[in-house]
Amino acid sequence: MIFDVLSLFPEMIDNYCSFSILKRAVEAGIITVNTVNPRDFTLDKHKKVDDSPYGGGAGMVLMAQPYVDAYESINQTENCVTVMLSPQGEPLTDSLVNDFAKYDQMILLCGHYEGFDERIREIIKPREISLGDFVLTGGELPALCLIDAVSRKLEGTLGKIESADEDSFSNGLLEYPHYTRPREYRGLAVPEVLLNGNHKDITEFRFQKSLERTKLKRPDLYNKWFDNN
Ligand code: 4G0
């Protein structure tokens, strides 16, 4: 998977992708992360990427020309999707992440300030995706969340042990509680069933905890799971 990220702050992208599992995925050749800075496509001597809004009002708007030219400088493969990260986008879900993981290339548009000149949307026609109903100072964190979420679905990124299809949401339920050594910590013991090696009992215990926890914390997910099972 090739990720091409349009960002005014490309170091934010490079830095996050140089740690832990994403770093490993880059080194293994499973993902490639390129950045393109729209500032490098400005035509004036001040390298201006934003301007005040027509019609007045507070804040700055990202100019169309640097973004469109930066976008058009990217080599697009056959199986490519372009995504704009914005609070006005379609909410990201595990199911959408699985759909994105089927592409060979994702172009991600990160905005700032009050957002994009509308003609960027009209010309590029990106999918518009949101991480939730909140506003950030820039689209880099949502873009990195998307890169992270998609990368861990790709063959070889996670080890067998960390397998993505045993995680929350893949079965529609929240995860059961996890424990590791020691057996007792500050008077709190690990549930006995996890210690006795009976795998049928362990599976049942974990499933019941998953149900109980989902019902309590996410009644919306629980009801959906119940309807489907
Ligand atoms: C475009 C995404 C980009 C428009 C981006 C802001 C939150 C999210 C940005 C705006 C972002 C999210 C209209 C403020 C950059 N913040 N929820 N900030 N506006 O995924």
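Order of listing sets the numbers, starting from 1, for every ligand and every atom in it. These figures come from a predicted structure and were not determined experimentally.
Within 4.0 Å of ligand 1, heavy atoms belong to protein residues Leu85, Ser86, Pro87, Gln88, Gly111, Tyr113, Glu114, Gly115, Phe116, Ser130, Leu131, Gly132, Phe134, Val135, Leu136, Gly138, Gly139, Pro142.
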N/O donor-acceptor pairs under 3.5 Å from side chains in residues 32-41, not counting sequence neighbours:
| from | atom 1 | to | atom 2 | distance (Å) |
| --- | --- | --- | --- | --- |
| Asn34 | ND2 | Asp4 | OD1 | 3.0 |
| Asn37 | OD1 | Arg39 | N | 2.9 |
| Arg39 | NH1 | Lys47 | O | 2.8 |

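Side chains of Gln76 and Tyr71: a donor on one and an acceptor on the other come within 3.5 Å. Side chains of Glu204 and Gln208: a donor on one and an acceptor on the other come within 3.5 Å. The closest side-chain donor-acceptor pair between Asn196 and Glu192, if any, does not fall under 3.5 angstrom. Looking only at atom types and distance, the side chain of Asp117 has no donor-acceptor partner in the side chain of Tyr67 under 3.5 Å away.
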Open item on the list: Applying salt bridge (charged side-chain N to carboxylate O under 4.0 Å, His left out) to Asp94 and Lys153, what does each step give before you reach the verdict?
Closed with: CA-CA 10 Å; Asp94 186 60; Lys153 301 283 189 176; 2.6 Å; yes
